[in-house]
2 protein chains.
Amino acid sequence: MPDLAGLELLLAVARLGSLGRAARELGITQPAASGRIRSMERLLGVALVDRSPRGSRLTEAGALVTDWARRIVEAAEAFDAGAQALRDRRDSRLRVAASMTIAEYLLPGWLIALRARLPDTAVSLLAGNSAVVAGRLLAGEADVGFVEGIGVPAGLDGAVVAQDRLVVVVAPGHAWARRRVPLGAAELAASPLILREEGSGTRAVLEAALGGLARPLLELSSTTAVKSAAVSGAGPAVLSELAVGEELAARRLVRVPVDGVRLRRELRAVWPVGHVPAGPVRELLSLTRGVR
Amino acid sequence: MPDLAGLELLLAVARLGSLGRAARELGITQPAASGRIRSMERLLGVALVDRSPRGSRLTEAGALVTDWARRIVEAAEAFDAGAQALRDRRDSRLRVAASMTIAEYLLPGWLIALRARLPDTAVSLLAGNSAVVAGRLLAGEADVGFVEGIGVPAGLDGAVVAQDRLVVVVAPGHAWARRRVPLGAAELAASPLILREEGSGTRAVLEAALGGLARPLLELSSTTAVKSAAVSGAGPAVLSELAVGEELAARRLVRVPVDGVRLRRELRAVWPVGHVPAGPVRELLSLTRGVR
DNA sequence: TCCACTCATAAGTCCAGGTTATGCCCTCAT
DNA sequence: ATGAGGGCATAACCTGGACTTATGAGTGGA
């Protein structure tokens, strides 16, 4: 498997059309780039670029590989944006506190966008549940928070930035995967489901929607664990749409239509009452808009 | 930025609860794993695992980082599955020919699933347009093909494995991003759009749906280029749902509702008439089912 | 014809990540 | 209590891969 730097180099070559220019962009020398691409080609057993005295173009296979590589690099950018913010920096100009779901799935993307607009703004991130987020904001230790849940914690103002929809998902082999008739509330409540543990936000929304009745088939302590169990066919699971986007796209999971159940929750930006968002906070919030 | 091996190690530690066990799984020694995790922690400036004489558990930050890392590693697995198949292996037991869109977005996932079921089956991949795929199959140089388009090429039998829907997308800042009233065919045909070049499958489907009338705002030669142009706000684009799933999830693009335009095409598995799928081909096809 | 660009090759340096060897800490079972 | 075993850390050493600089060779435009 090639390493991340190699993949970035490949993307740069694709974009710039020359090994030398790509090398310069990444701050290495042309022979280094040349050798690196060559070693990737050896590794993969496929020619990736057509070299000519006038530049380098991707081969057919190279284009395909580059597209696959782009996914990896994009995920790495999200990782990096998140990781940068996670490191504790006292001099941060924008201190964000966010719930797990938001920190996990949405925030990295927002941070990438923010970095494009305010490259010099140091951002720090603290992840925790609603109470922790509220506490940090009220203590003046964070400038803006993001929470998922029914209401706005006391002492805070907020604005809805996104809707999180819970979805019922099953592995493609499950009988429900071919189901066209939507599940009703009664049927859903009667079915054993793979769920987060009692007390989690996701579980709370589900039980509110069903009227307190959810039969756990399995109780697991993380979104990831629930997802893996569902993918491996253990049964139907209820998860945030955000968490299963990729699995649905890759058909590792199939969404089951549901009717008559209110499986939504609001994702809100929050800040202390009176602190009208300004500066970097305002900028960040503007990135989260345009969302239904 | 940590490297892929480091991230995999972190996932293994999360899963197995011990540095030593994770090290063993990856075929390295315990001190190597210990040092690697430590260097990642130094790099990120955050403690990732709580070490104890009874094992290692992720810290809060570690859990977050691990979830971000999982995305990268999953993308890397898709890359690897694709790359393995791309390398020309004459002894392959399953030779697949696929159109670009399918090879790019769907096939890696299928190959991962297939590898789980038939770990010893060598798969080779050739990407090309419908005509190339048909040619390979008829020449006996491929065992199964995947094409996108209106019909099944002559001499082949096929089965629909997925629906590809084209979607109209804009950057979140665009006026259409807030639009609730669906666009009609007339309005869409009258609007300048970012499109693939004349002759591409995507463009063909769009023009068929609109009755031959599409006004290009920009004509670009790859899906990726169209996507970047749309993301950067150049205007509305029409793209396969498969291509923009991630951008929609991250809100880098917003889907514009459309009404009264048939923007679908079938993705089909194909094989020579009479060659009933059997063995690995049958297995691969079974993975692509359960899809609407 | 010469310059400006491309890429490839060669030789040398250096460090990251691996290894083995060892020690400490904790827990559990004898 | 006491050893066995699992878990982690540290130290010393080795090696290979990836970088650098220096150079050459092909192509195309001024």
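Throughout, a chain's letter reflects where its sequence line sits, starting with A, and its residues are numbered from 1.
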Give A:T29 one of three labels, base, sugar-phosphate or nothing, depending on what nucleic acid heavy atoms sit under 4.0 Å from its own. base
Test salt bridge (Lys or Arg N to Asp or Glu O under 4.0 Å) applied to A:R203 and A:E198, step by step: CA-CA 6 Å; A:R203 174 95 173 242; A:E198 195 81 41; 3.1 Å; yes
N/O donor-acceptor pair under 3.5 Å between B:T59 side chain and B:L48 backbone: yes
Is A:S56 touching bases, backbone alone, or none of the nucleic acid, heavy atoms closer than 4.0 Å? sugar-phosphate
For B:S52 and A:G27, find the nucleotide of DNA chain D closest to each by heavy atoms; which residue's nucleotide sits nearer the 5' end? B:S52
At under 4.0 Å, does any side-chain N or O of B:R38 touch on OP1 or OP2 of D:dA9? yes
Phosphate OP1/OP2 of C:dC5: any A:S18 side-chain N/O under 4.0 Å: no
5' priority, DNA chain D, between B:R21 and A:R36 [closest heavy atom]: B:R21
Distance (rounded to the nearest 0.5 Å) between A:S124 OG and A:E141 CD: 10.5 Å
Looking for any heavy atom pair under 4.0 Å, which part of the strands does B:R42 touch: base, sugar-phosphate only, or nothing? nothing
Is A:S34 close enough to C:dC7 that one of its side-chain N or O atoms is under 4.0 Å from OP1 or OP2 there? no
Donor-acceptor contact present, side-chain A:D143 to main-chain A:R95, <3.5 Å: yes
Using OP1 and OP2 only, check whether a side-chain N or O of B:R54 sits under 4.0 Å from D:dG6. no
